[in-house]
Amino acid sequence: MHGRPRKVYKPEEEAASAAKAVKFRSLQSQFLSNHHNKIYTKEAIDLSTKLLEINPEAYTAWNYRKLAVEDTLSRQESDPDLVKSVLDEELKVVESSLKQNVKSYGAWHHRKWVLSKGHSSVGNELRLLNEFQTLDSRNFHAWNYRRFVVELTNRSKHDELKYTEFMIGNNISNYSAWHNRSVLLSSLLERKADGFMPSQKIPEEYELVHNAIFTDEDVQSGWFYHLWLLDQTVNVETPLLISSWPPHGSRINLSRAGCLNDSSSSSKLTTFPLILYFDQAVGGVSSSTVAIDSELKGIEDLVWEPVSNKNSQVSCVWVARLKYMSSEPCFFPKEYKVKVRIGNSPGIVSSRGFNFSVPYEFVFTARVEDTVQEEPREVIVSWTDGFDIWDAQSEDLKNLVNLDQLNGQMDFKWRQEAIAEEIDLFRTLPDSNSKIGKLTIARLLMAKATMSENDVKGVHYEEILKLYNDLMALDSTHYHYYKDEHSVALLRKVTSSTESLSRHLFRYSDMNNSVCLRLNNSSLSRIASVEKLLFVQMLDLSHNELHSTEGLEAMQLLSCLNLSHNRIRSFSALDSLRHLKQLRVLDVSHNHIGEHSVDTTRYLCSSPLSNSEWSQDEVGRRMTPSLVTKYWDAYFVLRDLNLKQLDIAGNVVAGEEFSSFVPQVVPTLVWLNGHKLRS
Amino acid sequence: MSSSSSSSSQMGELVADKHVRYILMSEKKKESFESVVMDHLRMNGAYWGLTTLDLLDKLPSVSVDEVVSWLLTCQHESGGFAGNTGHDPHVLYTLSAVQILALFDKLDILDVAKVSSYIAGLQNEDGSFSGDMWGEVDTRFSYIAICSLSILKCLDKINVEKAVDYIVSCKNLDGGFGCTPGAESHAGQIFCCVGALAITGSLHHVDKDLLGWWLCERQVKSGGLNGRPEKLPDVCYSWWVLSSLIMIDRVHWINKAKLVKFILDCQDLENGGISDRPDDAVDIFHTYFGVAGLSLLEYPGVKAIDPAYALPVDVINRILLTK
Ligand SMILES: [Zn+2]
């Protein structure tokens, strides 16, 4: 099936092949007859040997041999010599099969099975493996078998680590050896074994991998190992809180008519979200792991929810809704101080099993104002005017925007030094046009930015952006990978200071002076740095190159979102918006919805395809089933949104049938494509 | 920017009719040694051939009754299916049997309780799956179990949480997955693990950016994809790499036009069929993966295939989106 040249066979070759086929077929039918009749005579067993010699992939023959072995052993278990000779014979058959086809799953498994019978000659296995691994140093069956034997014989991890060094020394581009090294090293580092403290071992590993990267720029083996080291350098194991809403020291205003609160709830008790953003997915955020001191009501039974899909109980983002009385008349504004303490009692654990171990607390003030209660007007949001510029120095703005990383306790010294050394080294590479060289510098600079966020001067976003621009030209095959990384860097740059962010911030006067972030026409292909943008209520991302809203789910205050003129291909790409309980206005006009047969977000959304819970709601039951099936992705996303205004014009999907389907799925809708629906 | 539009004029086209003829012929042509050594996995071969025919909209040219009655002779009393009549049952062939019946909309002839019990019975204490009663463990079998049970709507027969945990324990430094914990990443294995996580709604366990970069770097200069670093490109990885990239929404990171060209270059323009690399001998396995790859690349005239279930989208939607 692999590597056989295409050619026309001569008649005599065809005849020979046919003769061979006849012989094999008769052998096979004899074998199957033996198998079905449970015949385990020496003659019958030899026949299966012959069959396997010709075709080591004949899995039923391996099964038959196991039955035969069990049959023999059941009669002769008392004689250890006989047992040994039976098992030896099996190992011999496997060995010669592997010499014919080293990729035969059946043969390798048969060997494991024989060994698990307690065969004594385990010592021979490493010798045999060395033979196979010399012939084919990348064979993953052999490597897997090696790990099996190592475990069976309790061979030390240090010895195996030396073996990977030996294999890498033979051939620097042996990815299998690098891989095995990472497996061994991970376990030694995690155990903090003697001589394997990260601060000491990881810098040594950088030295080792440089050879692999610098020897030949097309050899990929070192690339992934280097990226893994970088990850080990930047990311500490313990989860950290990196941002929150409201931010520490802030004063937020709550009112009934405002956008900060959930105006859909008709009860007198109104809510506002409290958001925790961690640097990695964590589980166990609850009222027992997060303590809140405040006069606000209902704090005892506060419910924390992960902002992620239904099947997951871990997330980077967690939200709780705090309640306050909004209708109680009071002529003086009422202030509540809220203190949030996280991690005083254990329970917050990362998905990799590490505890949130550095307790943290933050305080904010919520001021409830007795505003004039006007009914929310059914105005249409136009995105064209009504935006007032903000002064970067205004107190209002500083109050909302808190760009400081919340962690500060960790010891970053060796990590920062390692990154600095790597940057210096890669900058002096002789070939300044090396793809992996440029990519690595860009990544190192981003890592530096992550670790020294407060020291903005040390971070060269312009250099990072230029590197990605160069890469797009240099390696056009992966253009869009670099383009996405460029977008990430661009957003990091925008959110790196209040000053740069304020250039994009506006007040929207038509809607209670909502805070609006405008990143339209920015050539963005993906969303990032959302943890810095939790305060945003209106977001204009129109005229970009986005194909998904992944990341926006954390922006719990968002009520208006403009995604017009992007590259959204399906409603399932908007799945993250289902978490935005306050979203009322959505513009996805002029995208590519309905244009493509391949849906790249088909499995990233909650639907029966991914076996998510699927209970058809009232709305769904009243609708034509065929339409629900036809527009399933729109149905599953839109039914969870309480939209008032939706624009879908300029998409292939937006025909008459679909436009009449939408108001059924979204009963709250008032405006569709700029037209007021009859109520 | 535009990756798909520009180059179609100067490159060859899909010789769909010849591939259809090649598939229909290879069913009948059984006398060569090459086809006889494939005898034990005829169930897989049938799935590859029939799915390709359906993607090319030519499934009606096959006699459903003939296929189904042969297929039933491969079922063992345990409920599992063998690769061919008289051989032993194994999940590898049980999935193919289920997929073939799904293609024909004939799942109702199955004793679903029995088939699903066979599969569910192979789950081990740690959540992993054995391929058959002899205990070989591999994440391929996790995928197979999850995929077939989902098609049969019996996922509740296994411990899905443990199954997912086991797959996650096979995740590597490069974001990829291997056959068992500690085993090296391989594109075929990645497809299995990502597919199983997709079907169980667990893709949040995948580091999409890290894995996406590893996968997109499988594209070599010729435009073809390899399955591991430093290996040769091969048409079958068009399926394994592409479907994985699609499931994690990173498929835009490769150059689609170049890959289309590589697949088309592997066609036997005269006798039909697609090979692993240009000018190699064709086989049904690579013919299927080539056409399925073109489907994922939205090649005109090829029906859309589902990246997780490896069946046409209309078949999977019919089964899962209707009650
Ligand atoms: Zn192949």
Side-chain angles (χ1 to χ4, degrees), chain A residues 1-6 14 17-18 20-21 24-25 28 32 36 55 57-60 63 66 105 109 113 140 143-144 147 173 175-176 179 182-183 186 219-221 224 228 281 308-312 477-478 480-481 547-548 596-598 600-601 603-604 606 608-612 625 629 632, chain B residues 31-34 36-37 39-40 86-88 90 134 136 150 155 172-174 179-180 182-186 198-204 213-214 216-217 219 228-230 234 246-247 249 251-255 258 268 275-276 279-283 285-286 296 298 304 308 316-317 320-322:
Chain A
M1 304 241 275
H2 288 112
R4 245 182 334 120
R6 186 182 301 167
E14 271 183 16
S17 164
K20 233 169 127 189
F24 181 79
R25 213 180 266 289
Q28 181 173 267
L32 285 176
H36 298 152
N55 185 13
E57 303 264 36
Y59 70 101
T60 305
N63 296 347
K66 294 186 188 75
Y105 283 97
H109 179 64
W113 182 84
F140 70 83
W143 280 98
N144 290 349
R147 278 181 289 269
S173 64
Y175 189 83
S176 306
H179 158 78
S182 79
V183 174
S186 298
V219 164
Q220 298 187 344
S221 288
F224 300 96
W228 175 66
S308 63
N309 79 31
K310 280 182 192 137
N311 288 3
S312 170
T477 299
H478 300 109
H480 289 281
Y481 175 72
H547 62 95
S548 158
H596 292 275
S597 59
V598 171
T600 58
T601 38
Y603 285 98
L604 294 172
S606 297
L609 293 166
S610 54
N611 287 283
S612 303
T629 309
W632 67 274
Chain B
E31 65 273 20
S32 79
F33 180 68
E34 281 71 26
V36 162
V37 290
D39 231 30
H40 66 277
H87 294 254
D88 284 356
H90 194 285
W134 296 107
E136 183 184 3
S150 179
L155 262 185
N172 288 321
L173 91 152
D174 48 28
C179 11
T180 48
E184 183 184 344
S185 301
H186 176 288
I199 292 170
T200 53
S202 318
L203 284 175
H204 53 275
W213 183 55
W214 189 90
C216 82
E217 284 293 347
Q219 187 160 37
R228 290 193 283 160
E230 342 289 5
D234 180 336
I246 287 172
M247 287 187 271
D249 194 20
V251 74
H252 57 292
W253 285 355
I254 63 156
N255 185 315
K258 278 186 172 176
D268 184 334
S275 53
D276 57 347
D279 303 319
D280 273 358
V282 302
D283 60 58
F285 174 81
H286 288 95
L296 295 177
E298 303 188 336
I316 270 313
N317 284 3
L320 294 176
L321 294 176
T322 54

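For clarity, every value in this text was computed on a predicted model and none was experimentally measured. Protein chains get the first letters and strands the later ones, always in sequence-line order, with residue 1 at the start of each. The figures that follow rest on heavy atoms only: side chains count, while hydrogens, waters and symmetry mates do not.
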Is it the backbone or the side chain of [X] that comes under 4.5 Å from a heavy atom of chain B, or both, or neither?
| X | result |
| --- | --- |
| His36(A) | side chain |
| Arg147(A) | side chain |
| Thr477(A) | both |
| Leu32(A) | side chain |
| Ser221(A) | both |
| Asn55(A) | side chain |
| His2(A) | both |
| Glu14(A) | neither |

Does [X] reach the main-chain N or O of [Y] with its side chain, forming a donor-acceptor pair under 3.5 Å?
| X | Y | result |
| --- | --- | --- |
| Tyr603(A) | Ile246(B) | no |
| Arg6(A) | Asp280(B) | yes |
| Asp276(B) | Gly3(A) | yes |

As an exercise: rank Ala304(B), Ala308(B), Pro229(B) by heavy-atom pairs under 4.5 Å with chain A and give me the winner.
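Counting heavy-atom pairs under 4.5 Å, the top option is Pro229(B).
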
In terms of heavy-atom pairs under 4.5 Å with chain A, which of Ser275(B), Cys216(B), Ser185(B), Ser202(B) leads?
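Top count of heavy-atom pairs under 4.5 Å with chain A: Cys216(B).
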
Distance (rounded to the nearest 0.5 Å) between [X] [atom1] and [Y] [atom2]:
| X | Y | atom1 | atom2 | answer |
| --- | --- | --- | --- | --- |
| Tyr175(A) | Arg228(B) | OH | CZ | 10.0 Å |
| Asp174(B) | Ser182(A) | CG | OG | 7.5 Å |
| Trp134(B) | His109(A) | CH2 | NE2 | 9.0 Å |
| His179(A) | Leu173(B) | NE2 | CG | 7.5 Å |
| Phe140(A) | Cys179(B) | CZ | SG | 5.5 Å |

Among the options Trp113(A), Tyr105(A), Trp143(A), Trp632(A), pick out the one with the most heavy-atom pairs lying under 4.5 Å from chain B.
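Ranked by contacts with chain B, first place is Tyr105(A).
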
Among Thr629(A), Thr601(A), Asn144(A), Leu609(A), who wins on heavy-atom pairs under 4.5 Å with chain B?
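Going by pairs under 4.5 Å, I would pick Leu609(A).
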
Considering only heavy atoms, which portion of Val37(B) lies under 4.5 Å from any heavy atom of chain A: side chain, backbone, both, or neither?
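Val37(B) touches chain A through backbone and side-chain heavy atoms alike.
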
Using only heavy-atom distances, determine whether the side chains of [X] and [Y] contain a donor-acceptor pair under 3.5 Å.
| X | Y | answer |
| --- | --- | --- |
| Asn611(A) | Ser150(B) | yes |
| Thr600(A) | Asp249(B) | yes |
| His596(A) | Glu298(B) | yes |

Hey, can you tell me if Tyr481(A) and Trp213(B) have their rings parallel, tilted or perpendicular (30° and 60° cut-offs)?
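Aromatic pair Tyr481(A)/Trp213(B) classed parallel.
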
Measure up the His480(A) and His252(B) rings against each other and bin them: parallel (under 30°), tilted (30 to 60°), perpendicular (over 60°).
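His480(A) vs His252(B) ring planes: perpendicular.
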
For Glu230(B) against Ser173(A), the heavy-atom pair lying closest together
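Nearest heavy atoms, Glu230(B) then Ser173(A): CG-O, 3.6 Å.
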
